[in-house]
Amino acid sequence: MIEISNSELQDVPVQKLPVEALINYTLNLADTSLILGHRNSEWTGHGPVLEQDIAISNIALDLIGQARNFYQYTAEVINKNQVAFDLPYVTGRAITEDDLAYLRDVLEFKNLLLVEQPNGDWGQTILRQFFFSAYQYLLYEQLQKSKDSQLAAIAEKSIKETTYHLRWSSEWVIRLGDGTEESHQRMLNALQEFWMFTGELFKPSAYEQVAAAMQIGVDVTTLKGAWMEKVTAVLEEAKLPLPTTPALQSGGKTGTHSEHLGFILAEMQFLQRAYPNSNW
Amino acid sequence: MNVLHQHNTQLPNPSFNVEEKKVWELLDQVYDPEVPVLSIVDLGIVRKVEIEGLVVTITITPTYSGCPAMDVISMNIRLHLLQNGITDIKIVQALSPAWTTDWMTEKGKQKLKAYGIAPPVGKSFDQQWMEDVQVECPNCRSNNTRLLSEFGSTSCKALFQCNDCKEPFDYFKCH
């Protein structure tokens, strides 16, 4: 749970209460993992070969599992602190992980824009996973030191999985970039499609700044150097050029999404919206 | 930590004073639904057994974040203990310290091998495990094997093939 001394509180703007920042911060981590997990799961049964179909589905499962841990914790924080959290169909009971995933709308989702982009071809899916895993690995490495013991525990658990995701996606970027003429061309196209969304990874939102100041969250600006180093090395080995265009697309962390997220939520949330509070 | 289920006092048989050793023995009879030769004790996911009065609290830790077996395992623990007269059961999930294959028992590793799944090689803190792991074929015992896919039929396994007997096999990967 959150333990904050008075001296630490003085540095935080009054309107950004620590609990609110913790909730938004944890939701941001949960939403990002859930949406990428959902995107990856679209490949299940459609992978290029059986082994890779299984690999991308495994990664989807890991990400959705991580999202569950973050959502469970968010729900616990909301319930324990009796935070007013408005959700449709939820009255007279505690909020659950499912409510947070299924009953929040586009504007309330805080995931990175990168992860909601359509899968495109296998090369695009691979490149997106690589960009993300390289970032998530560095993020979890720092989050393990969080003053919030549950966030630290989730990071400690998840980084082992992310290590495999990063290794797998790096190898595929190299294989496709340094592969056939067509695979190389597709990776160039993937870079063109996704590079613009990578800037947001290192651009902190207000709640990330508060969380970092409280030492419960990670200062994402500090991750950029190591991320660029990893990306540069892998792209070089893949014989792909490091993009020089600015990566300016952002907004996902504060609920300004591309048109694609609504379609994901429409599919993912259909059942709970059509049959509220239905259960297995 | 997440308390999965609260006390159940609806059942006719009251809890009796139970010894911790007995609870561990019972837990060793609960099997992983996806690798049915391994008990949850072999697997190293039971972290703690605490007995306070009539209440038995069991702390378990997930293998992988998204492992769908965890809910089934919690249910199976509850059922098995109930069948053995323990009715006040609390199951708590703890994420830290994170589960590692280093906690798998030697007995568990031998059982895996006999079942046809290669047990984890090396220690999880050694990052080299991913680079040059040499896995013995559980069928013909050859060390001449190769990685087919880092991800296998469940979260905890990778897919290998033996270059000698040509048989593909599961490898319980180091974690």
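Side chains included, hydrogens not; waters and symmetry mates left out as well; all remaining heavy atoms used.
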Counting only heavy atoms not in [X], do more than 12 sit closer than 6.0 Å to its [atom1] atom?
X	atom1	result
B:Lys48	NZ	no
A:Glu236	CD	no
B:Tyr31	OH	yes
B:Gln29	CD	yes
A:Glu267	CD	no

A:Ile154 versus chain B, the contacting section by heavy-atom distance below 4.5 Å |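 Both backbone and side chain of A:Ile154 come within 4.5 Å of chain B.
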B:Thr61 backbone acceptor or donor facing A:Lys157 side chain under 3.5 Å =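 Side chain of A:Lys157 to backbone of B:Thr61, a donor-acceptor pair under 3.5 Å: no, none is there.
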Any donor-acceptor N/O pair, A:Asp62 side chain to B:Tyr64 backbone, under 3.5 Å =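 No; zero donor-acceptor contacts below 3.5 Å.
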Look at the aromatic rings of A:Trp168 and B:Phe151 and report parallel, tilted or perpendicular, splitting at 30° and 60°.
->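 Perpendicular.
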The single option from A:Gln66, A:Glu161, A:Lys160, A:Arg68 passing side chain to side chain donor-acceptor pair (under 3.5 Å) against B:Ser65 |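 Single pass found, and it is A:Glu161.
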In Å, rounded to the nearest 0.5 Å, how long is the span from CG of A:Asn58 to OG of B:Ser153?
->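 Answer rounded to 0.5 Å: 8.5 Å.
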Distance from B:Gln93 atom CD to A:Asn69 atom CG, nearest 0.5 Å?
->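 B:Gln93 atom CD to A:Asn69 atom CG measures 7.5 Å (nearest 0.5 Å).
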Indicate yes or no: at least one non-hydrogen side-chain atom of B:Ser149 is less than 4.5 angstrom from one of A:Ile54.
->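 No, their side chains stay 4.5 Å or more apart.
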Which atoms of B:Pro68 approach chain A - backbone, side chain, both or neither, heavy atom under 4.5 Å =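 Contact with chain A involves the side chain of B:Pro68 alone.
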